[in-house]
Asks: 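So that we are looking at the same thing, I have put the structure below in structure tokens.
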Amino acid sequence: MCAVALLDGITFRSTIAGRADPQVGRWHAARRSNTQQLPAAQSNVFEEFNGDLGRVNWEDIWDRSVMSAQNMMPVELRTARPEDVTSILYFSDKAPEGIAKALKATFPHSHELGFLASSTPFITGRPVTLFHDGEIYSDGAIGIALQLSLGHPSLTVEFPGLVDLTPDLQITSSEGNLILTVDNGNPTRLLLAAMNKHGLDVRGVLLKDDEFYVGVMGDGKVDRLHRITSGDPSRGTIALGTMSAPPPGSIIRMLYLPQSDEVTLNSGPTHGNTSISFIATPDSFGDGRPSSVLENDVLVIDGIFIAGSENGFMLRRGALKEEGWTCTLPGGQASLRWT
């Protein structure tokens, strides 16, 4: 259990739905949800195409849903002036896309850091468990919009343990969450060749989708990271675990994360500055003996709030004008600091 006290902020509760988990099979159990679905006018947008899904512009469809999400903005935030909000923190279920898109549209210059709550079906009987204003929720998000008096915020992200498989490459075509070509070539075959070069067993290895990543480069380092979920050597496409792949012209590297049960916690000195850090943890830490740092009854780190989840975190840096994206790299860490 933990508690955070923050001043000069606006707390909110969001019921904007994100993207639903894929449903497999013909029959599905009924689920109760508190999240707001899109209005009927938005859900029927396909009718104008007369069933021809080949004519559907999926980005336009999602943009329309964003407009609806703005209309469902939490009532607590509707009177906030965008220039007064410097950063936004929230704790969310595993589908934060709705609130993330709405926040970007309303507060485009603010930093945004979202914690995807750990799964709790065997603990509380709920998929996730969120607390707000004396109530318990199983979906949506709760958060706080922080204002100027806390100081100047900075949002950084770290990706420890990654190994480069390729040098810098340029995306030459992409669509949706797919990378279609890299350097005008087949990206999946390029990845397999790089794995062979590094002595990795390529037989069925792309099924282990938690080990391989595409890193978007900025100033000579990985600035944004996307998990590779699948690859097709014949067609060449690589699918990423994100809402949209990096656009053509982006410089990327393909990377590999060796398996490990350990997570490095970077809790260095803050020099008197307050910071909040979210960490993506492995699904399981294994059966090994806990590290010595956890053998004490209490570990106190002054000026730092740290939380970890196997579902990762979402972030958006307002200064970079980027879209929100999710990091699930075990050990990946995002830190919001004030100076």
Side-chain angles (χ1 to χ4, degrees), residues 14 16 18-19 58-60 62-63 65-67 69-70 73 77 82-83 85-90 92 95-116 141 143 145-146 152-159 162 168-179 182 213-229 238-255 275-280 311-329 332-338:
S14 168
I16 304 175
R19 294 189 174 181
W58 295 103
E59 292 299 327
D60 178 60
W62 185 243
D63 286 342
S65 69
V66 172
M67 293 175 63
Q70 283 184 269
M73 176 67 71
L77 298 178
E83 59 270 24
V85 176
T86 59
S87 51
I88 301 171
L89 287 167
Y90 60 86
S92 170
E97 297 86 3
I99 183 62
K101 287 279 189 179
L103 290 174
K104 181 181 185 296
T106 307
F107 305 101
H109 303 295
S110 301
H111 293 310
E112 180 185 322
L113 181 56
F115 181 83
L116 306 191
L146 302 171
H152 180 71
S154 62
L155 180 55
T156 59
V157 62
E158 301 175 39
F159 310 110
L162 288 171
D168 288 357
L169 307 166
Q170 185 177 59
I171 293 180
T172 45
S173 63
S174 62
E175 180 179 351
N177 71 324
L178 301 177
I179 296 179
V182 172
Y213 296 84
V214 166
V216 182
M217 306 301 293
D219 297 326
K221 63 180 182 179
V222 177
D223 192 53
R224 179 171 175 167
L225 194 69
H226 301 300
R227 180 170 54 92
I228 295 176
T229 58
I238 284 179
L240 304 179
T242 182
M243 292 183 287
S244 57
S250 300
I251 303 300
I252 65 167
R253 288 181 190 173
M254 296 183 185
L255 307 113
S275 71
I276 295 177
S277 296
F278 293 158
I279 301 172
N311 294 318
F313 54 85
M314 173 171 273
L315 75 153
R316 176 181 60 83
R317 290 158 290 192
L320 299 183
K321 299 181 180 180
E322 64 181 355
E323 294 291 333
W325 55 282
T326 301
C327 176
T328 58
L329 173 80
Q333 178 174 337
S335 297
L336 186 62
R337 294 182 172 88
W338 290 268

Asks: Is there a donor-acceptor contact under 3.5 Å from the side chain of T229 to the main chain of A239?
Replies: yes

Asks: Where is the tightest heavy-atom contact between T328 and N311, given as atom of each residue plus distance?
Replies: CG2-O, 3.7 Å

Asks: For A280 and G312, work out which heavy atoms get closest and say how close.
Replies: CB-CA, 3.9 Å

Asks: Give every residue pair that meets the salt bridge (Lys or Arg N to Asp or Glu O under 4.0 Å) criterion with at least one member in residues 103-114, sequence neighbours excluded.
Replies: K104-E323, E112-R316

Asks: Search all heavy atoms of L315 against all heavy atoms of E322 and return the closest pair with its distance.
Replies: O-OE2, 4.5 Å

Asks: Output all residues satisfying side chain to side chain donor-acceptor pair (under 3.5 Å) with D168, sequence neighbours left out; order by chain, then residue number.
Replies: R253

Asks: Would you find a donor on one side and an acceptor on the other, under 3.5 Å apart, between the side chain of H109 and the backbone of G318?
Replies: no

Asks: From I16 CD1 over to L103 CG, what is the distance, rounded to the nearest 0.5 angstrom?
Replies: 7.0 Å

Asks: Rounded to the nearest 0.5 Å, how far apart are NE2 of H111 and OG1 of T156?
Replies: 9.5 Å

Asks: To the nearest 0.5 angstrom, please state how far the CG atom of L336 sits from the OG1 atom of T86.
Replies: 8.0 Å

Asks: Quick one, F159 with C327, criterion side chain to side chain contact (heavy atoms under 4.5 Å, CB included). Give me CA distance, side-chain angles, the key distance, then yes/no.
Replies: CA-CA 9 Å; F159 310 110; C327 176; 4.1 Å; yes

Asks: Quick one, S87 and L155 - any side-chain contact, counting heavy atoms below 4.5 Å?
Replies: no

Asks: Under 3.5 Å, which donor-acceptor pairs do the side chains of residues 217-226 form with other protein atoms, sequence neighbours left out?
Replies:
unit_1 : atom_1 : unit_2 : atom_2 : d
D223   : OD1    : R317   : NH1    : 3.2
R224   : NE     : H226   : NE2    : 3.2

Asks: How many angstroms lie between CD1 in I88 and CG in L146, if you round to the nearest 0.5 Å?
Replies: 8.5 Å

Asks: Assess the residue pair I251 and V216 against the criterion (side chain to side chain contact (heavy atoms under 4.5 Å, CB included)); give the C-alpha distance rounded to whole Å, side-chain angles, the decisive distance to 0.1 Å, and a yes or no.
Replies: CA-CA 6 Å; I251 303 300; V216 182; over 6 Å; no

Asks: Taking atom CD1 of I171 and atom CD1 of I252, what is their separation to the nearest 0.5 Å?
Replies: 4.5 Å

Asks: Taking all heavy atoms of W325 and all of V157, pick out the closest pair and write down the distance.
Replies: CH2-CG2, 4.4 Å

Asks: Provide the closest heavy-atom pair for P96 versus S92 in the form atom of the first, atom of the second, distance.
Replies: CB-OG, 3.5 Å

Asks: S110 side chain to V85 main-chain N or O, any donor-acceptor pair under 3.5 Å?
Replies: yes

Asks: Okay, side chain of S174, backbone of P246: is any donor-acceptor separation there less than 3.5 Å?
Replies: yes

Asks: Where do Y90 and A141 come nearest, in terms of heavy atoms and distance?
Replies: CD1-CB, 4.4 Å

Asks: Give, for atom CG of L169 and atom CE of M254, the distance between the pair rounded to the nearest 0.5 Å.
Replies: 6.0 Å

Asks: Can you confirm whether W338 sits close enough to I276 that some side-chain heavy atom of one is under 4.5 Å from a side-chain heavy atom of the other?
Replies: yes

